[in-house]
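To keep things clear, I will list the structure first and then write my remarks on it.
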Amino acid sequence: MTAVLGAPPALARPRTRAAGPAVAALVPLAVLLVLGVYPLVLLLSNAVHDDLGTVDLARWGELFGNPVFLDVIWTTVRIGVLTTIGCVALGTFLALVIAFVPFPGTGFVVGALNVAVSFPSFLITLALVFVWGDVGVVNGGLAAIGLGPVHLLDGQWGVVLAEVVYFTPFVLRPVLGALENVDRRQVEVAESLGAGPWRIIRTVVLPEVLPAIAAGGALVLMYSLNEFGIVLFTGAKDVQTLPTLVYSQAIGRGEYQTAAIAAVVNVAVSIGLYLVARRVTRAGVR
């Protein structure tokens, strides 16, 4: 009888224990809501309200009817796509060289690339400006021998160059890690069957590292679409992207609704292109 009466308290203990993880799960959820969801909701609210707090969607029509704003969107997408293509091509090539053509100082190069990833983007851009800028080392040397200056960083291609230099390690590192796991016996078999280096790379190596290439490319695309410091520090006056537009409208002119609309468009473009890139790369991997 005592054992039967004592059973209910013993059965109730797991309920108390189960409440602990549930309460603990609420903490990261609350942090996510405060730091992630609330700012996004506030951004969307500012995009549809004017400075007086009144709902105003006319500004959306004005912006999307303005060819300058549409050109900013297209410039942002164009620079992001070109940067991604350049980083994928250069990062994959460098990874193949490091993995299959060992040379003295390989470890130093890999270590330097790992350190370069931790640098802020504007630092790399300033280094390029010191070398290729209007008053940089190259133009100083050209002026000394009576030749005209080279305006390499003044336009869109200068921004793309700076972003490729900075973002290439984001492709190189995952591809290099994937190459370390490639079965070298497959490469040796292909060589014994008479396959040349490029055919081995195309038919044996690249299919194995394609997921890493896709992951690195998607990461570069996301970063380049939202890059602000590189565009600003290259000094390309005729190049304006969505991030720089948000800054100029909010900080320079106090047009917070316009800035919020540009930010919403920037988020939408980034998510949209990211989803497209994932769909394309998944289809390629299959």
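No single ILVMFWY cluster, assembled from side-chain heavy atoms under 4.5 Å apart, contains both Val246 and Trp74.
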Before giving the answer on side chain to side chain contact (heavy atoms under 4.5 Å, CB included), spell out for Val265 and Ile73 the whole-Å C-alpha distance, their side-chain angles and the decisive distance to 0.1 Å. CA-CA 8 Å; Val265 173; Ile73 297 175; 3.8 Å; yes
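Legend: residues meeting side chain to side chain contact (heavy atoms under 4.5 Å, CB included) with Pro120, ordered by chain and number and at least two apart, are Phe122, Leu123. For Thr244, the side chain to side chain contact (heavy atoms under 4.5 Å, CB included) partners are Phe228, Val231, Gln240, Thr241, not counting sequence neighbours. Not counting sequence neighbours, the partners of Ser45 by the side chain to side chain contact (heavy atoms under 4.5 Å, CB included) test are His49. Applying the side chain to side chain contact (heavy atoms under 4.5 Å, CB included) test to Leu128 and every residue at least two apart in sequence or in another chain returns Trp132, Leu153, Ala162, Val165.
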Using a 3.5 Å cut-off and no angle test, enumerate the donor-acceptor pairs between side-chain atoms of residues 168-177 and protein atoms at least two apart in sequence or in another chain.
unit_1: Thr168; atom_1: OG1; unit_2: Val164; atom_2: O; d: 2.5
unit_1: Arg173; atom_1: NE; unit_2: Asn114; atom_2: OD1; d: 3.1

Taking distance alone, no hydrogens or angles, what donor-acceptor pairs closer than 3.5 Å link side-chain atoms of residues 206-223 to residues at least two apart or in another chain?
none

Donor-acceptor pairs under 3.5 Å, side chain of residues 250-264 to any protein atom, not counting sequence neighbours: which ones?
unit_1: Gln257; atom_1: NE2; unit_2: Ala47; atom_2: O; d: 3.4
unit_1: Gln257; atom_1: NE2; unit_2: Asp56; atom_2: O; d: 2.9
unit_1: Thr258; atom_1: OG1; unit_2: Arg59; atom_2: NE; d: 3.0
unit_1: Thr258; atom_1: OG1; unit_2: Arg59; atom_2: NH2; d: 3.2

With a 3.5 Å cut-off and sequence neighbours excluded, list the donor-acceptor pairs that the side chains of residues 80-99 form with protein atoms.
unit_1: Thr83; atom_1: OG1; unit_2: Ile79; atom_2: O; d: 2.7
unit_1: Thr83; atom_1: OG1; unit_2: Glu163; atom_2: OE1; d: 3.0
unit_1: Thr84; atom_1: OG1; unit_2: Gly80; atom_2: O; d: 2.8
unit_1: Thr92; atom_1: OG1; unit_2: Val88; atom_2: O; d: 2.7

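One finds the CZ atom of Phe167 at 4.5 Å from the CD atom of Glu227 (value rounded to the nearest 0.5 Å). Between the CG atom in Leu63 and the CD atom in Gln249 there is a gap of 8.0 Å [rounded to 0.5 Å]. Separating the CG atom in Leu273 from the CG atom in Leu275 is a distance of 9.0 Å, to the nearest 0.5 Å.
Residues Phe130 and Val137 fail the side-chain proximity criterion, which asks for heavy atoms closer than 4.5 Å.
Minimum heavy-atom separation, Thr76 to Leu242: OG1-N, 2.9 Å.
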